[in-house]
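Please read the structure below before turning to the comments.
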Amino acid sequence: MAEPLRATADRAVRPAPPHRPARYTVSSLPASARPEPGPATGPAAGPFEVAGRRLSAALLTGLPGYADGPFTVDGRTAVGEVTLHNRDELLAALATAGRPAEPSCPDGELLLRCWLALGADGLRAADGMFTLAVLDGPDLVLVRDHAGARTAFHCRTAGGGWAASSSLRALRERPDVDTGLNLAAVRSFLTFAYLPGEETLLRGVRELLPGRVTRLRPDGRVDVEVFWEPRAGAVAPDLTARHYAEELRELLERAVARRLPGGGQEVAVLLSGGVDSSLVTALATRLHGRTVRTYSISFGSELPNELGYSGLVAAHCGTAHRVLTVPGEQVAARLADTVALLDGPVGDPLTVPNLMLAEAVAGDGIAVSLNGEGGDPVFGGPKNLPMLVFELMREDASARARADAYLHTYRKCWEDLPVLLTGEALAALAAAPHPRRHVEPYLDDGRMPSLLDQLLHCNLRTKGAHHILTKVERLTASQGVQGRSPLFDRRVVDHAFATPPALKLRGTEEKWILKEAVRDLLPDTVTYRPKSGMRVPVQQWLRGPLSELAADLLLGPTARARGLFRADTVETWMRGGGLLLPRQGGKLWLLLTLELWLRAYDL
């Protein structure tokens, strides 16, 4: 196994950029349209008049985010939320192309220059977290990074224009945008526990898809260019498991090293005690010259937890370790504010604990936190097993049957919709597109010969981009912390898909190649322990400190007037009937977070 590349890591790191909280907004409106609603609150460019259009870009300062700009290069103006991890490589590529950039230029300007000089190759070369919005003639061009670590939204305006922003709330507040409730998205949320694609809960507003350049034209056309998608590897009989493991180890070291802060700053790692966050902790302590601080969660000593494993890893790696206790009373007190930070409801009960972790990191004066997110969707975690069993036993060979089976594996509210939604809601959904459309293209993709790789691709493009990474970004940014996910590194993901499926799921061992790559770093009791996940006591919360809040919200006049859910079904679930524990808690949690989000966005 190769030794860690401390020298390489030290050369790669650079100081985290100063945090200036901001999101961005851009628009392309007919020149005859009314002036932009509301004053720009930060640096602005435009309005420019081009081909009968009025274009503008501005920062929305004071909002939690990392927007910067505007930048103008070759007549194109851009704003963006851009953090690049390989500036030196990109500067060298521009110099080779005869289009050198100033070494000190901001990340957003550097990315703009890469796109203008190198096209899609320039975006593929960029390793980082970004969305970029470019005023290009009369068009708006929107770019999102390969995995979806940053995001933005766009919509058509009433006057025949386009508006885009990294703040969904900013689009909601525009008077020239119709943003009523998108009922089809409600069904998607109840099926997945998040919104798995372009869809948002605001009618007419769409989220950018990752790895794509989206060009919004004045006549309403939307042209999409894919600049990155994972590719399944070709069969390479001369390569051994050891070869794949050693190459992965080097890539993991580089991915962690590139995400460490420079300038003598300490770094935080969110440590659950599972193999994913543990390997990130181990590599960070080897590669970072400063203190590594680890943070874990407890829901109380009387409840099951993984503190034994996280404590073992912290002691093994020599980190400064801190355990945060999250009582249900604090979850009840803070759930509404936490949900309001998100661009869509997330049925993950870890949102409040995640926010409290970010607060603790910020309170300790740390600007960058690493996490182990990505191990399951990229390397084949245990949640793929039900689908693999289904494939062995399936009687219906259609692509639709596979997609339906995938929806069943989420075990959220999809099967309950006939008894959960009101007759009016069901009737309104009769002609709406089915949620299987979000997963069927990935699960019937002939370019991925292996079902396991199809599942990983689907997980990466749905849960990875629209749940995991966006949740991390919104909650950490709210505290001025950059959350970084080394296991979503583009080269790590490329390597995962190039690895034979039999090395990712070997026998009954999940993520085998990942464990093999780091088994010298951690105790075997951590690397090879069964996956248990965070045992969040949702059922206890809903029967205790959250019971009154849930009853008031879900059975109160506002929810009843909205007419989405049958009160008798909600009442039955709240009494503990109709479902098996702990599914009652998980499904009520979806309804509760949806209700809070709808109220936060005044829907």
Side-chain angles (χ1 to χ4, degrees), residues 17 20 22-28 42-46 48 55-60 63 65-87 89-91 93-94 99 101-102 105-154 162-168 170-171 198 206-217 222-228 343 465 469-470 473 477 482 490:
R20 180 176 56 177
R23 300 288 184 193
Y24 68 78
T25 183
V26 297
S27 64
S28 169
F48 310 111
L55 297 95
S56 64
L59 297 186
L60 301 170
L63 299 181
Y66 289 89
D68 199 5
F71 317 100
T72 297
V73 178
D74 295 345
R76 278 85 157 192
T77 297
V79 289
E81 298 195 26
V82 183
T83 300
L84 298 174
H85 303 311
N86 63 335
R87 286 178 55 90
E89 288 180 11
L90 300 177
L91 288 166
L94 287 174
R99 302 282 296 278
E102 285 294 326
C105 73
D107 282 1
E109 181 184 330
L110 180 55
L111 185 66
L112 175 61
R113 289 181 179 277
C114 286
W115 178 60
L116 293 176
L118 306 170
D121 287 342
L123 299 177
R124 272 190 291 276
D127 181 7
M129 310 179 287
F130 54 83
T131 61
L132 190 69
V134 186
L135 310 181
D136 187 15
D139 300 341
L140 285 185
V141 178
L142 308 173
V143 181
R144 189 180 182 191
D145 63 70
H146 73 287
R150 295 286 182 269
T151 193
F153 308 88
H154 61 87
W162 287 103
S165 178
S166 56
S167 164
L168 185 68
L171 295 181
E198 291 182 286
R206 308 192 76 80
E207 182 177 350
L208 288 180
L209 293 179
R212 284 154 173 78
V213 179
T214 300
R215 182 175 288 272
L216 308 175
R217 298 187 182 277
V222 179
D223 297 332
V224 178
E225 177 188 8
V226 178
F227 71 84
W228 182 86
D343 296 299
L469 287 169
T470 54
E473 193 279 330
Q482 278 212 8
R490 180 172 55 78

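Quick caveat: nothing in here was measured; it's all calculated off a predicted structure.
You'll find the side chain of Glu109 reaches within 4.5 Å of the side chain of Val73, heavy atoms only. A heavy-atom distance below 4.5 Å is not found between the side chains of Ser28 and Pro138. Looking only at side-chain heavy atoms (C-beta outward), Leu208 and Thr214 come within less than 4.5 Å of each other. Side-chain contact between Tyr24 and Asp68 is absent, with no heavy atoms from C-beta onward closer than 4.5 Å. In this structure, the side chains of Val143 and Thr131 stay at 4.5 Å or more apart for every pair of heavy atoms. Residues Arg76 and Leu116 are in side-chain contact: their nearest non-hydrogen atoms beyond the backbone lie under 4.5 Å apart. Between Glu102 and Leu110 the shortest side-chain heavy-atom distance does not fall below 4.5 Å. Side-chain atoms of Val134 and Trp115, non-hydrogen and from C-beta on, do get closer than 4.5 Å to each other.
For Ala126, the side chain to side chain contact (heavy atoms under 4.5 Å, CB included) partners at least two apart in sequence or on another chain are Leu84, Leu90, Leu111, Phe130. Asp127 pairs by the side chain to side chain contact (heavy atoms under 4.5 Å, CB included) definition with His85, Asn86, Arg258, Arg259, Asp489, Arg491, not counting sequence neighbours. Residues satisfying the side chain to side chain contact (heavy atoms under 4.5 Å, CB included) criterion with Thr470, sequence neighbours excluded, are Arg144, Thr151, Glu207. Not counting sequence neighbours, the partners of Asp343 by the side chain to side chain contact (heavy atoms under 4.5 Å, CB included) test are Phe153, Leu168, Arg474, Tyr601. Contacts of Ser165 classified as side-chain hydrogen bond (donor to acceptor under 3.5 Å, both in side chains), with partners at least two apart in sequence or in another chain: none. In terms of the salt bridge (charged side-chain N to carboxylate O under 4.0 Å, His left out) criterion, residue partners of Arg217 (sequence neighbours excluded) are, by chain and number, Asp139, Asp223.
Between Ala57 and Val26 the shortest heavy-atom distance is CB-CG1, 3.7 Å. When all heavy atoms of Gly108 and Leu132 are compared, the closest pair comes out as O-CD1, 4.1 Å. Ala44 approaches Pro70 most closely through the heavy-atom pair C-CG, 3.9 Å. When every heavy atom of Leu94 is checked against every heavy atom of Ala101, the shortest pair comes out as CD1-CB, 3.9 Å. Between Leu135 and Ser27, the shortest heavy-atom contact is CD2-O, 4.4 Å. Shortest non-hydrogen contact noted between Ala58 and Val79 is N-CG1, 4.4 Å.
The line from OH of Tyr66 to CG of Asp107 is 13.0 Å long, rounded to the nearest 0.5 Å. A distance of 13.5 Å separates NE2 of His154 from OG of Ser166, quoted to the nearest 0.5 Å. Summarising the geometry, atom CH2 belonging to Trp162 is positioned 9.0 Å from atom CG belonging to Leu140; distances are rounded to the nearest 0.5 Å. Note: Leu171 CG to Thr25 OG1 = 6.5 Å, rounded to the nearest 0.5 Å.
Screening Gln482, His146, Glu473 against Met129 for a side-chain contact (heavy atoms from CB on, under 4.5 Å) leaves a single residue, Gln482.
At least one donor-acceptor pair closer than 3.5 Å links the side chain of Arg490 to the backbone N or O of Arg124. Side-chain N or O atoms of Asp145 include one that pairs as donor or acceptor with a backbone N or O of Arg150 at under 3.5 Å. Listed for the Ser56 side chain is no donor-acceptor partner under 3.5 Å among the backbone atoms of Ala45.
Salt bridge present: Arg23 and Glu81 bring a charged side-chain N and a carboxylate O closer than 4.0 Å.
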- Item | Audit row: Arg113, Asp74, salt bridge (charged side-chain N to carboxylate O under 4.0 Å, His left out) steps and yes/no | CA-CA 9 Å; Arg113 289 181 179 277; Asp74 295 345; 5.8 Å; no
